[in-house]
J.: 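Supplied in structure tokens, the structure appears directly below.
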Amino acid sequence: MSSYSYGDRGLSTNFTHHLAPPARPPTLTPPPAQNTSRSLPQRLTEKVEGWFGSVEEFSDKVVRGARFVIVDCVGYPYTAFCRQCQVYPYYRATPTLGAPFSTAVVLHHIAQTQGIHAWWRGWYHHLVLLVIRPFSEAVIGKLTNPPRSLSDERGSKRLLTYLALRSLAYMATIPLVSLTFLEMVQNTSQKVYSGGLLEVTRERNVFTMDKNNQLPFLYLAGPTILHGFAVDCVSQLAMRLIHKSARLTHRTGESSDALGAAMGRLWTAYLGSFLADTVLYPLETVIIRLYCQGMPVLVDNVQTGLDIAFITTYYRGFVDCLGGIWDSEGPWGFYKGFSSLLLRYAVHGAILLLLWRVTKSVNTSRTSR
């Protein structure tokens, strides 16, 4: 029996030569791993948005809290000494008199003769005034809903209503402002006047000047309202100019993170407040002279800090006070105690600079890990 050979037919038994090699399964490349680690500012921002709702609300609260601690607590002695210098008419001010160094020496003498607590004289009434004014402004804002523009007739009516109620709120705080100024300037070791809010209200007339030359409420209403609205307008305008011209947000690190936004707002509020206080300082000098006129109070000698004197001025009104200070004390009389204000802002700026450096170093160290 003959064998059958595939080779005789010209066929090859090697089938792998004619069949295509089997296809290799495609290699699946894993997707790039996403970096789920977040920096400290990002995590802090998420927590802040969960607690306060937005970064802006958190920044506003930080600015208010920092201002209270730095200005109304740490810097209050410089503010009180400013008021003492503004009400003291018995020297002619010059640009070099009352320099920051001599101001520090006078404050040291006051602490030696009256105690360190004399630096915070009138602080309690100042805190009460800080609570009452924002509360009244918030209530008035809720009741009137002031418009953002005057494009319609209803907007102008609401604005007029808002301004009228704000003016009434300023007038209602005149007795408390008078008592606060009185406690700020009078000598703590030899108090002549120790009355409270009711006594201050009863002793000041409404329309006429009394026998002690105290100006009535009607004469104090106009300057008080003018100063209140001027502070708001000048500070807001100054902060807008800072944002637009100086580009403060890029230099101070203001961004979408909570710490950067808070520090940017702190620096903006600091510069805006400084510009407002500088521009309106002469108006404050006139107002405190009008408030303290005729009050039975002994004030410190702000040139030495070692002796005391009575305030014996006689101004018939706002314009008369302006002319009297210009004639008897010169143009620099409106800026008495301004060096103490510079010291307060120097301390304020040093604290903000320290906070900014600490915040920057923390963010840098955390993000570099």
Side-chain angles (χ1 to χ4, degrees), residues 67-91 98 100 102-133 173-201 203-204 212 214 220 224 227 277 281 284-313 336-348:
R67 178 176 176 79
F68 171 75
V69 173
I70 299 175
V71 177
D72 300 313
C73 294
V74 178
Y76 182 81
Y78 304 108
T79 303
F81 189 72
C82 281
R83 303 294 178 254
Q84 297 171 53
C85 295
Q86 287 173 315
V87 79
Y88 195 79
Y90 303 119
Y91 69 97
S102 60
T103 299
V105 172
V106 175
L107 286 174
H108 176 66
H109 290 166
I110 291 176
Q112 282 184 330
T113 56
Q114 305 177 42
I116 195 69
H117 66 278
W119 289 358
W120 279 272
R121 63 184 78 180
W123 188 62
Y124 170 74
H125 299 95
H126 177 70
L127 293 183
V128 175
L129 192 61
L130 286 179
V131 174
I132 290 179
R133 278 186 172 174
T173 57
I174 287 179
L176 183 57
V177 173
S178 180
L179 181 60
T180 304
F181 283 157
L182 181 64
E183 292 292 336
M184 275 186 176
V185 301
Q186 73 172 339
N187 186 276
T188 57
S189 59
Q190 301 183 25
K191 278 191 174 184
V192 178
Y193 186 84
S194 58
L197 185 61
L198 294 179
E199 288 78 5
V200 171
T201 307
E203 291 177 1
R204 192 181 296 273
N212 296 324
Q214 287 192 31
L220 298 176
T224 303
H227 178 262
D277 286 342
Y281 198 86
E284 291 180 354
T285 302
V286 175
I287 288 176
I288 194 172
R289 293 282 182 94
L290 297 178
Y291 268 93
C292 295
Q293 175 175 296
M295 301 293 289
V297 56
L298 285 170
V299 298
D300 298 323
N301 185 349
V302 296
Q303 294 180 282
T304 61
L306 299 175
D307 53 350
I308 54 179
F310 269 107
I311 298 296
T312 57
T313 57
K336 285 183 175 180
F338 189 71
S339 60
S340 182
L341 185 71
L342 294 179
L343 283 176
R344 193 193 80 183
Y345 275 101
V347 174
H348 190 173

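Quick caveat: nothing in here was measured; it's all calculated off a predicted structure.
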J.: In Å and rounded to the nearest 0.5 Å, what is the CD1 to NZ distance from I288 to K336?
T.: 12.0 Å
J.: Of all the heavy-atom pairs spanning I308 and L298, show the shortest one and how long it is.
T.: CD1-CD1, 3.7 Å
J.: So, S178 side chain and I174 main chain: donor-acceptor pair closer than 3.5 Å or not?
T.: no
J.: Regarding Y291 and T224, is there a side-chain donor-to-acceptor distance under 3.5 Å anywhere?
T.: yes
J.: Between D277 and E284, does the side-chain contact (heavy atoms from CB on, under 4.5 Å) criterion hold? Intermediate values first, please.
T.: CA-CA 9 Å; D277 286 342; E284 291 180 354; 4.2 Å; yes
J.: Give a yes or no answer on whether the side chain of R121 reaches the backbone of Q186 with a donor-acceptor pair at less than 3.5 Å.
T.: yes
J.: For H109 and T304, indicate whether the former's side chain and the latter's backbone hold a donor-acceptor pair under 3.5 Å.
T.: yes
J.: Can a donor-acceptor pair be found, under 3.5 Å and without considering hydrogens, that links the side chain of D300 to the backbone of V302?
T.: no
J.: Do you know the tightest heavy-atom contact between T180 and G122?
T.: CG2-O, 4.3 Å
J.: Evaluate side-chain contact (heavy atoms from CB on, under 4.5 Å) for L127 paired with F68, printing each intermediate quantity in order.
T.: CA-CA 10 Å; L127 293 183; F68 171 75; 3.5 Å; yes
J.: I'd like to know whether L306 forms a side-chain contact (heavy atoms from CB on, under 4.5 Å) with N301, so could you lay out the CA-CA distance, the side-chain angles of the two residues, the decisive distance to 0.1 Å, and finally the verdict.
T.: CA-CA 7 Å; L306 299 175; N301 185 349; over 6 Å; no
J.: For residues S340 and C82, report the shortest heavy-atom separation together with the two atoms involved.
T.: CB-SG, 3.6 Å
J.: To the nearest 0.5 Å, how far apart are CZ in F81 and OG in S339?
T.: 7.0 Å
J.: For the atom pair NE2 (H126) and CG (L130), what is the distance rounded to the nearest 0.5 Å?
T.: 4.0 Å
J.: CZ of R83 to CG of L182: how many Å apart, nearest 0.5 Å?
T.: 14.5 Å
J.: Looking only at heavy atoms, which two atoms of V185 and Q84 are closest? And how far apart?
T.: CA-CG, 3.9 Å
J.: Nearest 0.5 angstrom please: T188 OG1 to W120 CH2, how far?
T.: 13.0 Å
J.: At what distance, to the nearest 0.5 angstrom, does OH of Y124 lie from CD of E183?
T.: 11.5 Å
J.: Is the ring pair Y76/W123 parallel, tilted or perpendicular, if the boundaries are 30 and 60 degrees?
T.: perpendicular
J.: So, for C292 and V87, which heavy atoms are closest and what is the spacing to 0.1 Å?
T.: CB-CG2, 3.6 Å
J.: Could you give me the CA-CA distance, side-chain angles and deciding distance for L342 and Y78, then say whether side-chain contact (heavy atoms from CB on, under 4.5 Å) is met?
T.: CA-CA 9 Å; L342 294 179; Y78 304 108; over 6 Å; no
J.: Between R204 and L290, which heavy-atom pair has the shortest distance, and what is it?
T.: NH1-O, 4.5 Å
